[in-house]
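Quick note on labels: first sequence line is chain A, next is B, and so on, each numbered from 1.
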There are 2 protein chains.
Amino acid sequence: MSEPASITPNRHLTSKEHLRLWLRLLRTTRRVESELRERLRLQFNTTLPRFDVMAALSRHPDGLKMNELSQQLKVSNGNVTGIISRLVEDGWVERIAIEGDRRATRVLLTRAGTEQFHQMAQAHEHWVDELFSSLSSQETHHMNELFAHLPTEAGPEPDSPESTTQGDTP
Amino acid sequence: MSEPASITPNRHLTSKEHLRLWLRLLRTTRRVESELRERLRLQFNTTLPRFDVMAALSRHPDGLKMNELSQQLKVSNGNVTGIISRLVEDGWVERIAIEGDRRATRVLLTRAGTEQFHQMAQAHEHWVDELFSSLSSQETHHMNELFAHLPTEAGPEPDSPESTTQGDTP
DNA sequence: GTATAAACGTTTAGGCTTGAAATACTTTTC
DNA sequence: GAAAAGTATTTCAAGCCTAAACGTTTATAC
């Protein structure tokens, strides 16, 4: 209490509203996510992380290094190892050695994996469309534009002139 | 393939746009979430789930049954058990037996836990405000309204007259 | 009054997630 | 060409998460 000066970017006016928006965003996202998760489980016996990995791989038919994959998905390196291992067990992904560099491997979808993914992707698109069906085309478009203002990519805050905000964590 | 009639609520026109919006929503949420998670870790040595639990408890000074808690947070029953156990170890939460019903327990914040939470909540609000600082008050308000159209609460889809969508998973 | 059902919380098995440490290989440097 | 530095991946410990299986305890039915 006692009015921390120059701490809030917007002079503690929008603070509550931003919080409200964030909570709403979070609730909505979690709701949709858990719906998708459950449907993936029931209808394809798979998980959202697996789906995400397969989606990334499907965008790169020549395969990706584990490295690149974890960067694309913005998850930790060690995390991807486990997911890929299970996908390999299921026969949907294969690891291929890279010539000239025995440290790295390239991972890519098998033919079966590609087919499986296409089916899942189709269902996934329908589900999302259904879950967002209460938004008109206009509203969807509008919202998409508003989101463009928000930070989606990692990296330091847009900028901070003399931000004494919460300083110094070395 | 072959035009599945009456499958897409909006006649497969908005489908791609809905998908686009969903992906953006997801990216933004994850970005903010991971930022908050990291700050909570660095500055308070805690986690987002712990914070969420403490927030829920702080709204109920008289405590909640494990039951009610997991419902409020919309997470599984067993999940809450572990989080509460760790919070109890840290001295921020206590379990109190309920008279007349030896099945249930009431959990509530200790005095220390309440104080700790207030500090975290204050920082949390600042962080969110900062992360959303690129949205004007108007935009924030507008967005909040658009979200009202979206399904945030669990439950069956808004309605589905003769939805043959993906039917029957008993 | 006892059998049965319902409610409550924990435990368990399996998977996701991170950050840190370990391992294995490659390139650079001297 | 051996040591050092760097790169790519895996392993590990700890925590989060779910669905399902389990014990208790309480309520309901007969």
Side-chain angles (χ1 to χ4, degrees), chain A residues 29-31 33-42 44-54 56 63-90 93 95-107 154 169, chain B residues 26 29-31 33-42 44-54 56 63-90 93 95-107 154 169-170:
Chain A
T29 304
R30 286 187 179 166
R31 162 79 165 80
E33 230 179 330
S34 89
E35 192 69 39
L36 294 177
R37 201 194 320 278
E38 191 179 350
R39 296 188 189 192
L40 278 174
R41 185 176 68 87
L42 291 176
F44 293 101
N45 190 32
T46 191
T47 66
L48 208 41
R50 269 160 144 101
F51 179 75
D52 285 348
V53 165
M54 290 181 78
L64 287 170
K65 292 196 295 182
M66 293 297 283
N67 204 355
E68 303 166 329
L69 188 51
S70 66
Q71 255 176 329
Q72 284 233 355
L73 299 172
K74 293 192 188 60
V75 299
S76 74
N77 233 330
N79 186 4
V80 176
T81 299
I83 299 176
I84 289 292
S85 295
R86 281 178 284 271
L87 286 174
V88 169
E89 280 176 21
D90 292 351
V93 166
R95 294 186 220 239
I96 294 186
I98 292 182
E99 288 192 37
D101 191 343
R102 282 186 297 174
R103 294 169 301 183
T105 29
R106 220 152 33 86
V107 291
T169 44
Chain B
L26 194 55
T29 304
R30 286 187 178 167
R31 162 80 165 79
E33 230 180 331
S34 90
E35 192 70 38
L36 294 176
R37 202 192 318 278
E38 191 179 350
R39 295 187 190 193
L40 279 174
R41 184 175 68 87
L42 291 176
F44 293 100
N45 190 33
T46 191
T47 66
L48 207 43
R50 269 160 143 102
F51 179 76
D52 286 347
V53 166
M54 291 181 78
L64 286 169
K65 292 196 293 183
M66 292 296 284
N67 206 354
E68 303 167 327
L69 189 49
S70 66
Q71 255 177 330
Q72 284 233 356
L73 298 172
K74 293 191 188 61
V75 298
S76 74
N77 231 330
N79 186 6
V80 176
T81 299
I83 299 177
I84 288 292
S85 295
R86 282 178 284 270
L87 286 174
V88 169
E89 280 178 19
D90 292 350
V93 166
R95 293 185 222 241
I96 294 186
I98 292 182
E99 288 191 38
D101 191 342
R102 283 185 296 175
R103 293 170 301 183
T105 28
R106 222 153 30 87
V107 291
T169 44

OG1/A:Thr105 to CD1/A:Ile96 distance, rounded to the nearest 0.5 angstrom? 10.0 Å
Encode nucleotides 12-25 of chain C as B, S and - characters from 5' to 3', where the letter depends on protein heavy atoms closer than 4.0 Å: B to the base, S only to sugar-phosphate, - to neither. ---SSBB------B
Counting C-beta onward and ignoring hydrogens, is there a side-chain heavy-atom pair between B:Val80 and B:Val75 closer than 4.5 Å? yes
Interatomic spacing from CG in B:Asn67 to CZ in B:Arg103 - rounded to 0.5 Å: 10.0 Å
Heavy-atom pair of closest approach, residues A:Leu73 and A:Asp52: CD2-O, 3.8 Å
What pair of heavy atoms forms the shortest contact from B:Ser70 to B:Ser76, and how long is it? CB-O, 3.9 Å
Run the salt-bridge test on B:Glu33 and A:Arg30 with the 4.0 Å N-O cut-off and return the result as yes or no. yes
I need the B:Thr46 OG1 to B:Met54 CE distance, nearest 0.5 Å. 7.0 Å
Opening and closing nucleotides of DNA chain D in contact with chain B, under 4.0 Å to non-hydrogen atoms: D:dG15 to D:dT26
